[in-house]
Amino acid sequence: MPKLIIDGTEIEVEDGITLIQACEAAGVQIPRFCYHERLSIAGNCRMCLVEVTGMPKPVASCALGVNDLRPAPDGTPPEIQTKSETVKMAREGVMEFLLINHPLDCPICDQGGECDLQDQAMTYGVDASRYAENKRAVEDKNIGPLIKTMMTRCIHCTRCVRFMSEVAGVEELGAIGRGEDVEITTYLEQGMRSELSGNVIDLCPVGALTSRPYAFAARPWELRKTETIDVMDALGSNIRVDTRGREVMRIMPRNNDDVNEEWISDKTRFIWDGLRTQRLDQPYIRKGGKLRPASWDEALAAVARRLKKAPGNRIAAIAGDLAAAEEIFALKDLLTGLGSPNMDCRQDGAALDPAKGRASYLFNSGIAEIDEADAILLIGTNPRVEAAVLNARIRERWRRGGLSVGLIGREAALTYDYDYLGAGPDTLRQVAAGKHPFHRVLKRAKRPMLILGQAALSGSDGAAVATLAAQIASATGMLASGSNGFNILHLAAARVGGLDLGFVPGKGGLNTAAILRAAKAGKLDVLYLLGADECNLEDLGNTFVIYQGTHGDAGAQAADVILPGAAYTEKSGTYVNMEGRTQLTQRAAFPPGDAREDWAIIRALSGHTGEPLAYDNLSALRGAMYDAHPHLAHIGAREAGDAADIEKLSKARAALGKKAFGQAVADFYLTNPIARASAVMGQMSALAGAPRTRATGTDG
Amino acid sequence: MSVRRLDSLQPKSFKFNAENARWATAQMKKFPKGKQASTVIPLLWRAQEQHGGWLPEPAIRHIAEILDMAQIRVLEVATFYTMFNLSPVGKYFVQLCGTTPCMLRGAEEIKEVCRRVIGPQGQVTEDGVFSWLEVECLGACVNAPMVQINKDYYEDLTGEIFEQILMDLREGKEVPPGPQNGRQFSCPEGGPTTLLNGGAAKDGSPAKKPAVARRKPRAKGAGK
Ligand code: SF4
Ligand code: FES
Ligand code: FES
């Protein structure tokens with residue numbers, strides 16, 4: 001471990017780090033533009049200059065390894081000055097050069113107030129320009145509906161280029177030209193095709209790349225920032241929701257090394273316009289075939305009347321993909337009170353069952369464990385669209401080398417190389433039986449894991465697929481020595497929470513498919529949809545349908561009564577992510593109009609049915625929920641499953657079908673009601689489906 | 001230098017001809033598997049030669065495909081190196097050195113001829129015969145001022161001689177490349193200046209006269 005003297009203080013630092021990291025460890029902030037911990041080192045902005053005693057010129061601290069510094073002949077560790085006059089002058093010089101061609105248009109720049117260049121110019125900028133020549137101007141590039149460009153502001157740090165090719169894994173951005181004429185662009189200004197492209201907005205240290213939907217909408221200092229959790233996929237990315245008044249103005253990532261590092265997907269980031277449109281902001285009752293506005297009392301009374309009339313076994317409920325644990329818990333209580341065992345949170349009919357133990361439906365190894373994996377078997381999943389940030393993590397691991405990935409299911413471009421093993425059950429059986437070469441790859445690996453997707457689980461033979469997967473896990477040492485490489489990749493933020501709470505058919509109860517069948521056949525009186533829009537609601541017969549949710553989507557169309565709920569940014573709700581980590585959303589804005597928090601709606605309804613639930617406020621509900629499911633009380637912590645469950649699962653018997661695994665997510669941009677209401681997502685979806693167009697015109 | 005962009009008028013498609021395709025495959029084989037992208041510069045160069053001295057956009061895509069590279073990566077290379085012409089050039093493409101030694105020795109005069117005879121920089125003459133571009137040092141400073149026309153160097157120019165060269169080329173005459181003032185390669189002008197005589201060899205034998213013959217200065221209007 002090398003010793004250094006940084007600004008007169010001796011410090012021992014880790015091997016292999018760079019000087020900029022060492023300075024940080026010593027508590028010294030070094031200004032920077034191009035350096036970023038999660039990207040490769042470019043060393044092209046020169047803002048991070050420091051002085052190393054004995055070196056003739058200031059050095060770029062981001063590009064110098066601490067191990068490359070030698071102690072003085074008398075053994076004193078290398079000395080680094082970060083605050084000397086030379087350093088200050090050097091940085092001022094760099095800043096002056098950077099500003100030569102910078103337009104200095106902060107007053108009309110969306111980055112203003114949160115701009116690295118602006119901030120650092122406060123310290124290192126000189127107050128007047130010595131530059132009398134013409135400034136360079138660069139044409140703006142059209143790189144898609146998400147990112148607005150102002151390329152004259154670009155300082156060529158190439159963070160965006162490095163991010164796209166290293167992390168996102170699509171080589172779309174590049175720096176063309178040379179020297180003063182370098183320009184950042186995509187090939188012929190095609191729109192970027194990546195699920196992660198929005199992250200370049202955060203990475204760009206200046207206002208060259210900014211959010212197009214957010215353009216000129218707000219200033220950072222007028223926004224209220226709420227730290228919360230994303231629900232667009234089952235990853236539970238940590239986000240910050242910025243609001244002004246009651247409107248969500250933008251969504252940004254928060255760092256959580258165990259979950260999303262510091263990236264979020266484009267769906268997570270740009271969904272917010274969907275929170276404003278198509279909202280259900282008051283209760284509705286269907287009268288004469290038409291939905292008419294109603295008061296809460298009318299609506300709840302209408303629902304209660306139906307519920308009281310119906311026998312318990314003719315009542316059913318389906319919980320959707322965005323529901324928080326609180327409302328699922330309350331709805332389960334309500335249904336149990338009404339004597340109904342018919343409930344399900346698995347809209348897609350995946351063969352996941354809490355009765356088989358918690359490990360049977362979790363991403364057991366944990367997301368961060370991907371960093372250690374050396375062999376991954378993907379079964380019926382396309383992580384790139386199902387959990388884009390997780391996919392980037394696999395890619396990151398793959399880039400370091402020594403990772404073999406095998407895929408059974410539908411072929412897709414995953415941003416890393418993989419062995420395509422086969423399309424479905426047959427291949428799976430071969431691997432499980434040890435007759436496939438990839439079995440050996442897994443077996444030889446030190447940290448093998450498998451990732452089982454919903455496409456493989458939601459077929460009629462889903463249970464058999466899970467069993468085979470468990471057999472593979474058990475046979476290839478994935479369950480050895482305390483680790484557990486049996487991983488389920490979920491799509492819905494609500495799913496693990498729902499399964500934890502046991503929101504599945506009780507004794508003799510119906511599951512989603514059976515509920516829908518029963519409704520069609522007239523064997524069901526009341527169906528309660530808690531934000532469930534993704535199952536087939538087309539023909540529900542004469543069943544009285546209640547839709548509690550946020551958006552006028554499929555569920556609302558089918559509803560006889562609509563109870564407007566709160567979206568994830570409008571309530572404090574518990575979500576358990578796919579690895580079993582309990583996280584809490586916070587209210588960033590109030591629900592629109594008369595919409596209410598979902599648990600409160602169910603509680604109010606229980607009052608109308610004459611059997612009020614035993615909690616009057618959120619903390620009482622949580623108290624009851626925590627009593628029943630203690631792990632939900634540990635916010636932020638990951639409660640692992642028991643590997644023995646997987647062993648047990650591997651011994652189950654079920655018949656395997658023949659059908660190849662399909663795809664669980666057909667359109668990344670339109671997976672939930674909020675996304676379907678978002679114009680930006682609609683645009684992106686259309687673009688993703690369209691063939692690439694070649695730009696014409698003079699600017700290539 | 002200025003911002004270099006792809007030309008606004010592009011051919012619909014580009015493909016290596018059979019011979020070049022074969023050559024490209026051979027080039028790629030020189031590199032380990034998976035490292036074929038290393039041949040991007042030779043391939044771009046070949047494409048430029050095949051396409052009459054400039055690089056069309058479809059060629060960039062074609063090469064990206066051959067080398068399994070992202071298109072943007074090939075575009076980066078093509079726009080970085082100024083030797084890749086992104087717009088059409090004349091049949092005779094004059095690259096005029098304007099760097100200091102040439103400038104001191106009269107490059108400005110040559111440039112003037114270009115402007116007068118050919119037209120503005122970067123523009124092809126109507127008959128398609130000429131276009132010119134000022135470039136940085138071509139490494140022949142000792143024979144400054146100089147230009148490169150297609151693959152040949154024409155050195156020790158004066159405005160007059162250079163204009164004559166252009167005339168000859170336009171008429172389809174062949175013009176011998178090299179120094180145009182009778183000097184041999186980069187030998188001292190006017191013949192040898194050292195080791196003339198008296199520089200007796202160690203064994204006492206008298207120094208020989210330099211064996212090289214002097215080239216005739218280029219007579220006005222002469223061309224082969
Ligand atoms: S656009 Fe932004 S991130 Fe990209 S090179 Fe320019 S300054 Fe850096
Ligand atoms: S941060 Fe070190 S050179 Fe840019
Ligand atoms: S300066 Fe003209 S060739 Fe070197």
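Note on naming: letters A, B, ... go to the chains in the order of the sequence lines (proteins, then strands), and numbering restarts at 1 for each one. The basis for the numbers below is simple: all heavy atoms, side chains too, and nothing from hydrogens, waters or symmetry mates.
The shortest heavy-atom contact between A:Leu173 and B:Ile72 is C-CG1, 3.8 Å. Between A:Gly174 and B:Arg73, the closest heavy-atom pair is CA-NH2, 3.7 Å.
Looking only at side-chain heavy atoms (C-beta outward), A:Leu188 and B:Gln71 stay at 4.5 Å or farther from each other.
Atom OH of B:Tyr81 is surrounded by 12 or fewer heavy atoms from other residues, nucleotides or ligands within 6.0 Å. At most 12 heavy atoms of other shown residues, nucleotides or ligands fall within 6.0 angstrom of atom CG in A:Asn134. Counting non-hydrogen atoms of neighbouring residues, nucleotides and ligands closer than 6.0 angstrom, the CZ atom of B:Arg105 reaches no more than 12 such neighbours. The 12-atom threshold is not exceeded at CZ of A:Arg130, counting heavy atoms of other residues, nucleotides or ligands nearer than 6.0 Å.
With sequence neighbours excluded, no residue forms a salt bridge (Lys or Arg N to Asp or Glu O under 4.0 Å) with B:Glu155.
The salt bridge (Lys or Arg N to Asp or Glu O under 4.0 Å) pairs that include a residue from residues 141-152 of chain B are B:Glu49-B:Lys151, where partners are two or more places apart or lie in different chains.
Look at B:Arg5 and A:Glu183 and you find a salt bridge, because one of the NZ, NE, NH1 or NH2 atoms lies within 4.0 Å of a carboxylate O, short of that distance.
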(request) Could you give me the CA-CA distance, side-chain angles and deciding distance for A:Tyr187 and B:Glu57, then say whether side chain to side chain donor-acceptor pair (under 3.5 Å) is met? (result) CA-CA 10 Å; A:Tyr187 190 72; B:Glu57 187 271 330; 2.6 Å; yes

(request) Show the numbers, then the answer: is there a side-chain contact (heavy atoms from CB on, under 4.5 Å) between B:Arg4 and A:Ile176? (result) CA-CA 9 Å; B:Arg4 283 155 37 84; A:Ile176 62 163; over 6 Å; no

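Of the possible donor and acceptor atoms, one in the side chain of B:Glu76 sits under 3.5 Å from a partner among the backbone N and O of A:Ala175.
In this structure, chain B has a heavy atom under 4.5 Å from the side chain of A:Val161, while its backbone stays farther away.
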